[in-house]
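Source: prediction; values computed, not measured. By convention in this document, chain letters (A, B, ...) are assigned in the order of the sequence lines, proteins followed by strands, and residues within each chain are numbered from 1.
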Amino acid sequence: MLLIKDLKKSYKKNEVLNIEKLEVPQGQSFGLVGNNGAGKTTLFRIILDLIRATSGHVEIEGNDVSTTEEWKRFTGSFIDEKFLIDYLTPEEYFDFLAKIYGLSQSDLDAFLAQFEQLFNDEVLGHKKYIRDLSKGNKKKVGVAAALIGNPSIVLLDEPFENLDPTSQIRLKKIIDAFKKDRNVTFLISSHDLNHVTEICSRIVLLEKGLIKMDEAVNEQTLSQLNAYFGGNAVEDVIEKGE
Amino acid sequence: MIKHFLNHQWLQFRRSASFERELGITIFIWLMGIFVLVSIISLANALPKILYEIPQIDDPIAFVNSILIYYFLGELLMRYFIQKVPALDIQPYLNLPVTRSKIANFLIGKSLISAFNIVAVLLLAPFAFQALEPRYGQIVILYWLGSIFFLSLCLHFFNILFKKKFEEMPWVWAVLISLAAGNYVLTAYFDTNIFGPIGSVFQSALTSPFLLVSTIILCAGLLLLTLKYFKENLYLEELGEASSANVETYSEKLSFLGKSSIYNTLMLQEIKMIFRHKRTRSVMLLSLIFVGYGLIFFGKDNYSGSKGFYIFLGIFMSGLFTINYGQFFWSWNTNQLDFFFTKPLAVQTWLKSRYRLLLIACIITTFLCIPYVYFGWDVLFLILAGSLYNIGINIPLMIRFSLWGPKAIDLNKGAFMNYQGTGAAQWLMGIPLLAGPYVIYVPVSQLFGYMPALSSIAICGILGFTLRDYFIKLIAQKLAKVKYKLIHDLTL
């Protein structure tokens, strides 16, 4: 499980994140929504200890991320293309990851077999560097890489962006399978309210670094979110009109 | 439009993330620049006097004309290594209604504002007025200085074209190397050379405007070519290089590394990085070429007196890759740190594998230097001592120093317009690397002589090597402290 306590991040005097407490139990799929600049990616990068929190701390299964390294063994992540090593071919990249996670060749083959449909014959076996793949295919490689090595918690930033509709549906199936079969905790941030309410059981809405909404997903959630973001837009219009 | 370009350039310089961090270094470089300028002006003033006072020179004018060609060769070399190709991030302007030729004109125009373009004239103007005028009259000063000025400009454009277009072509290098080698052979064995006759062309400027006219034509031609090249490449470069088709395969021969320990896997990954980027490849090639550097010095009597200089050679030749590659040790990992810091991979493991790569590079270079045994066993011993010192002391030093304000390098950008990551820090870094051995050498050689001094350098290296795990631990501790800043600085 993931525990965030008294987490604050500010740049000079500008506070971009302030989360008093957030707990994500094992196996929950957690959706993070919010407009640009709400602090979603900042939160993810702090959870992965890529930026230093101004105060507070993050624990993954009891390990403080900024003082231990244990958590890296069971935390998968894909935030952006910088998580890929783009001068390797996808095969080389997966081989390299398998080595780091201590997977045998047959483990790796079995793992990659799950992604055969998603990859749609466009990723493997083309003798192409990752940097020469399309944005969508890079995303597929990155998401697969985040799931390698039997993680118990996976962070994905905008996993559906740049994917074609078919791939979006296939990816949702894969995420569902990992949830069901292995009780993996997912943290997914997305601007796509349909997808995120569909695959997540809990939604947290961030605005300007603060949690504005935190509830379990039900039939009303999507319309609630639409109303929230739509309301913002309407308010803007009214404010400008005055 | 030009006004806007200039303004944007200034803002880009002023607002760059590194501006304040590197202010000190920038000021230092400016001071150095002023010092060089003052030196050139005083040398220019003293030049006529010096030339007329050297008794071996019968005719200073003919002498100057005969060595001018070497001056220009030197200038070309300097330009190649120091002068930056004009750059402006053109992407945001391409979709605006600004014509390509305007952008190209601006870039070329800006490049003309360079100290290199006036150094030759500045240096020779006093000489021309004092020596040429009394003998040949005023118009000849125009012919002569004019030819020199335009030839310098020709070099300017040639350098830009060369860096952009020809540098990538192996045959250009082959021609250049065979020219240089041919000239060397001619001078050494046939007592003649290629440049002598070419040099005498300058003498013709004393009698006719022929040279002036031809340099102007040549310069105009090169200018047009450069403009044309710029205009065309404003398209090509930015609309994506289609590099997809071929994947480099040399590293496949090393794939056995990936099947053994994690250290070797990491090493293989880094070797792939080196093979698959232009920047890193050129570092590797340069290191190979410099293995031949010793040929200039070894076996020549006039250098055998200065044994101290040999220490530098020993360190330099066996450690060239270490120094060249190591100075950007962390910068090479630009945009890869997110990956490495989120994977279950201990920093020490990563460091150890990279240490191993540099170690192997050092050993390979040392092996390549073995033929120097031709100049005597002491030369081989010298290189061995240098190599051991590099392995034990300089590699960890390099890894540590390159944490010192590293700058991001975009590996995917070609050599085109790309001199990223280089700063004065890289120069300052070289001082302890090359001066370090002298701290041992000078006192020991004063007390016990040359060979004991060499041996103590080697012993230091061996000591450093046995302490490598400790050094790596220290670097890993430092890395843990600067991790967030490093990730921030090395993300593009």
Side-chain angles (χ1 to χ4, degrees), chain A residues 9 11 44-54 65-93 95-102 104-105 126-134 142 145-146 148-151 155 157, chain B residues 240-249 251-252 255 257-266 268-278 280 332-350 410-412 476 480-488 490-492:
Chain A
K9 175 71 191 172
Y11 292 100
F44 275 13
R45 290 183 73 86
I46 290 177
I47 292 174
L48 293 170
D49 196 38
L50 293 173
I51 44 184
R52 196 201 303 267
T54 309
V65 291
S66 65
T67 53
T68 62
E69 307 215 50
E70 267 307 292
W71 56 275
K72 291 180 186 174
R73 191 146 286 287
F74 44 77
T75 307
S77 53
F78 183 64
I79 291 187
D80 56 34
E81 287 168 10
K82 285 171 208 118
F83 280 60
L84 303 169
I85 297 186
D86 62 1
Y87 52 83
L88 299 178
T89 64
E91 286 91 340
E92 290 171 340
Y93 181 60
D95 282 346
F96 182 46
L97 284 169
K99 191 80 198 182
I100 290 177
Y101 284 94
S104 70
Q105 188 61 45
H126 286 278
K127 295 226 165 206
K128 247 184 172 183
Y129 296 136
I130 292 175
R131 65 177 178 227
D132 297 323
L133 296 178
S134 72
I148 212 170
N150 228 343
L155 282 79
D157 197 0
Chain B
E241 283 167 82
S243 61
S244 53
N246 41 23
V247 167
E248 161 280 325
T249 50
S251 51
E252 260 171 34
S255 57
L257 286 173
K259 303 219 169 9
S260 48
S261 70
I262 182 78
Y263 296 109
N264 292 342
T265 310
L266 284 163
L268 177 66
Q269 176 265 332
E270 189 149 347
I271 290 170
K272 282 176 181 162
M273 179 184 86
I274 294 170
F275 280 3
R276 293 175 184 185
H277 296 101
K278 227 182 253 178
T280 40
W332 299 129
N333 291 108
T334 299
N335 283 356
Q336 296 163 24
L337 294 176
D338 283 356
F339 174 88
F340 282 107
F341 281 122
T342 53
K343 296 294 171 283
L345 183 70
V347 171
Q348 294 208 20
T349 314
W350 189 31
D410 185 350
L411 285 170
N412 289 333
K481 270 187 217 145
V482 299
K483 172 182 159 183
Y484 305 100
K485 192 178 175 309
L486 194 70
I487 295 174
H488 178 262
L490 294 185
T491 301
L492 278 173

State the [atom1]-[atom2] distance between [X] and [Y], to the nearest 0.5 angstrom.
X: A/F96; Y: B/I262; atom1: CZ; atom2: CD1; result: 6.5 Å
X: B/N264; Y: A/K99; atom1: CG; atom2: NZ; result: 8.5 Å
X: A/L88; Y: B/M273; atom1: CG; atom2: CE; result: 10.5 Å
X: B/W350; Y: A/I100; atom1: CH2; atom2: CD1; result: 10.5 Å
X: B/K483; Y: A/I51; atom1: NZ; atom2: CD1; result: 11.0 Å

**Item:** side chain to side chain contact (heavy atoms under 4.5 Å, CB included) between A/R45 and B/D338, intermediate numbers included
**Value:** CA-CA 9 Å; A/R45 290 183 73 86; B/D338 283 356; 3.0 Å; yes
**Asked** Angle class for the B/F339/A/Y93 ring planes (parallel below 30°, perpendicular above 60°, tilted otherwise)?
**Response**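 If you compare the ring of B/F339 with that of A/Y93, the planes turn out tilted.
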**Request:** Show your working on side chain to side chain contact (heavy atoms under 4.5 Å, CB included) between A/E92 and B/L268 and close with a plain yes or no.
**Result:** CA-CA 10 Å; A/E92 290 171 340; B/L268 177 66; over 6 Å; no
**Prompt:** What residue in B/T349, B/T342, B/L266, B/T334 has the most heavy-atom pairs under 4.5 Å with chain A?
**Reply:**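 Maximum pair count with chain A is reached by B/T342.
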Go through the atoms of [X] and report whether side chain, backbone, both or neither lie under 4.5 Å from a heavy atom of chain B.
X: A/I79; result: neither
X: A/S66; result: both
X: A/F78; result: neither

**Message:** If you compare all heavy atoms of B/F340 against all heavy atoms of A/I85, which two are closest, and at what distance to 0.1 Å?
**Reply:**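 Looks like CZ-CD1, 4.2 Å.
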**Prompt:** Top residue by heavy-atom pair count (under 4.5 Å) with chain B, among A/R73, A/E81, A/R52, A/Q105?
**Reply:**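 It is A/R52.
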**Prompt:** Are B/F341 and A/D49 close enough, and set up right, to give a side chain to side chain contact (heavy atoms under 4.5 Å, CB included), and what steps lead you there?
**Reply:** CA-CA 8 Å; B/F341 281 122; A/D49 196 38; over 6 Å; no
**Message:** Tell me whether B/R276 contacts the main-chain N or O of A/Y87 through its side chain, where contact means a donor paired with an acceptor under 3.5 Å.
**Reply:**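 Answer holds: yes.
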